[in-house]
**Q** 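Attaching a single structure in structure tokens format; questions to follow.
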Amino acid sequence: MIPTPDLSHLTENDKLYVYDPAEDTFLFLDALEQDAEALKGQQPLICLEIGSGSGCVSAFIGSILGSANTRELVHSLEGRSSLNPSSVYLCTDLNNYASDCTHRTGRCNKIPLDPITCDLARPLLKRLQRSVDVILFNPPYVPTELEEVLSAQLGRGISGSWAGGTDGMEVTNRFLGDVEALLSERGIFYLVTLEGNNIPEIRERMFRLFRLQCQVVAQRRAGIECLHILRFSRVAPASR
């Protein structure tokens, strides 16, 4: 069993501004642990977490895969790496407090997380085009009024971690259109959803528009919520 990352450095004040790991986080960790051997076998070079919050999820996958420094990343991209390159962990969040917590979580767990304060992955789209091997996203999925999600995103505070707008999908939908452009040929995208987010529609849309196939790799009821972890990957080209 892979231990949960050490978050003892997070203070009560941190938790006023940054999402404290909860049932959705722990289900996410369970799904990654379930896929641990497959993930290691894929030898991912670049991992990208959208909305990293405390940094718990990226630190966890870092404990599965190991870490690389920037020089190793450059050499790997230039084709001069070893046969088993380690991974680099990019972590985006709108919330400055979250970026700071992510950095400290990485340091506490000896995983060099690289936080970037930005909206989803917008500043990275061009540079990381079809280069990301693992994408992780636990979005704000709770259905709210549209005005609430807009205010949460503009305020860049803790409410941005849960206020999801119409059907809980306002922020998720903005990112789903970018996934195909980021994902490497062998890449995997993990997404946390609620049953009420209309999972069949998400799966159908991602396949129809981007030829990304989906599997539900974990699910759990937490109070009134039924959480699901979806895993997307490219459809293998047909053999001739």
Side-chain angles (χ1 to χ4, degrees), residues 1-2 4-5 21-53 55-66 87-92 120-121 124 128 130-141 164 167-169 171-222 225-237:
M1 184 173 183
I2 301 169
T4 300
E23 285 295 329
D24 51 354
T25 314
F26 301 128
L27 181 62
F28 208 165
L29 302 191
D30 288 347
L32 294 174
E33 182 169 17
Q34 174 183 294
D35 282 1
E37 292 306 312
L39 286 166
K40 286 188 284 188
Q42 287 211 338
Q43 299 179 1
L45 177 60
I46 301 176
C47 299
L48 172 65
E49 183 178 7
I50 307 299
S52 59
C56 180
V57 174
S58 283
F60 187 80
I61 198 171
S63 70
I64 294 173
L65 300 174
S87 304
V88 169
Y89 306 97
L90 306 177
C91 309
T92 74
L120 301 175
L124 307 175
L128 294 182
R130 292 209 166 204
S131 297
V132 183
D133 300 309
V134 180
I135 301 175
L136 309 164
F137 192 22
N138 184 359
Y141 52 66
D167 296 328
M169 288 293 295
V171 178
T172 303
N173 282 335
R174 288 181 55 223
F175 183 66
L176 290 182
D178 294 336
V179 170
E180 196 276 336
L182 289 164
L183 208 60
S184 70
E185 289 304 312
R186 58 196 177 91
I188 300 171
F189 167 45
Y190 291 91
L191 176 69
V192 181
T193 60
L194 277 184
E195 195 168 55
N197 297 149
N198 196 350
I199 294 168
E201 191 279 330
I202 296 171
R203 298 178 68 172
E204 186 278 329
R205 182 184 359 150
M206 296 300 281
F207 186 82
R208 173 171 45 85
L209 295 179
F210 306 118
R211 298 291 291 173
L212 295 176
Q213 60 191 351
C214 174
Q215 290 180 284
V216 178
V217 294
Q219 61 187 59
R220 181 178 301 158
R221 182 161 293 281
E225 299 176 341
C226 190
L227 299 162
H228 294 72
I229 310 296
L230 310 184
R231 183 182 66 208
F232 294 88
S233 60
R234 295 186 185 279
V235 174

**Q** Which heavy-atom pair separates Ile64 from Lys40 by the least distance, and what is that distance?
**A** O-CD, 3.4 Å
**Q** Counting distance only, does the side-chain N/O of Asn197 pair as donor-acceptor with the main-chain N or O of Thr193 below 3.5 Å?
**A** no
**Q** Closest approach of Arg234 and Glu185, non-hydrogen atoms and distance?
**A** CD-O, 3.7 Å
**Q** Identify the heavy atoms of Ala121 and Phe175 that sit nearest to each other, and give their distance.
**A** CB-CE1, 4.1 Å
**Q** When you check the gap from the basic side-chain N to the acidic O, do Arg220 and Glu225 get nearer than 4.0 Å?
**A** no
**Q** If I take atom OG from residue Ser184 and atom CD from residue Gln42, how far apart are they, to the nearest 0.5 angstrom?
**A** 7.5 Å
**Q** Are Val134 and Ile61 packed together at the side-chain level, in the sense that at least one heavy-atom pair is separated by less than 4.5 angstrom?
**A** yes
**Q** Would you check if the side chain of Thr92 reaches a backbone N or O of Leu120 as a donor-acceptor pair within less than 3.5 Å?
**A** yes
**Q** Under the rule for ring pair (Phe, Tyr, Trp, His ring centres under 6.0 Å), what residues qualify as partners of Phe60, not counting sequence neighbours?
**A** none
**Q** Minimum heavy-atom separation for Leu124 and Leu182, please, with both atom names.
**A** O-CD2, 4.4 Å
**Q** Does the side chain of Ile202 come within less than 4.5 Å of Phe232's, by heavy atoms?
**A** yes
**Q** What closest approach, in Å, do Pro44 and Leu65 show between heavy atoms, and which atom pair accounts for it?
**A** CG-CD1, 3.5 Å
**Q** Keeping the roles fixed (side chain from Ser233, backbone from Ile188), state whether a donor-acceptor pair exists under 3.5 Å.
**A** no
**Q** Mind checking ring pair (Phe, Tyr, Trp, His ring centres under 6.0 Å) for Phe28 and listing every partner two or more places apart, or none if nothing turns up?
**A** none
**Q** Mark yes or no for whether Asp133, through its side chain, and Gly187, through its backbone, hold a donor-acceptor pair below 3.5 Å.
**A** no
**Q** Would you say Glu49's side chain and Ile135's backbone share a donor-acceptor pair under 3.5 angstrom?
**A** no
**Q** For a 4.5 angstrom cut-off between non-hydrogen side-chain atoms, does Pro21 reach Leu29?
**A** no
**Q** State, yes or no, whether a side-chain contact exists between Ile229 and Val216 at a heavy-atom distance under 4.5 Å.
**A** no
**Q** Can you name the nearest heavy-atom pair linking Arg205 to Leu176, along with the distance?
**A** NH1-CD1, 3.8 Å
**Q** Verify the ring-centre separation between Tyr190 and Phe137: is it less than 6.0 angstrom?
**A** no
**Q** Between the main-chain N or O of Gly55 and the side-chain N or O of Ser58, is there a donor-acceptor pair closer than 3.5 Å?
**A** no
**Q** Under the rule for side-chain hydrogen bond (donor to acceptor under 3.5 Å, both in side chains), what residues qualify as partners of Gln34, not counting sequence neighbours?
**A** none
**Q** Are Asn198 and Arg203 linked by a side-chain donor-acceptor pair shorter than 3.5 Å?
**A** no
**Q** Roughly how far apart are Ile199 CD1 and Leu191 CG, rounded to 0.5 Å?
**A** 8.5 Å
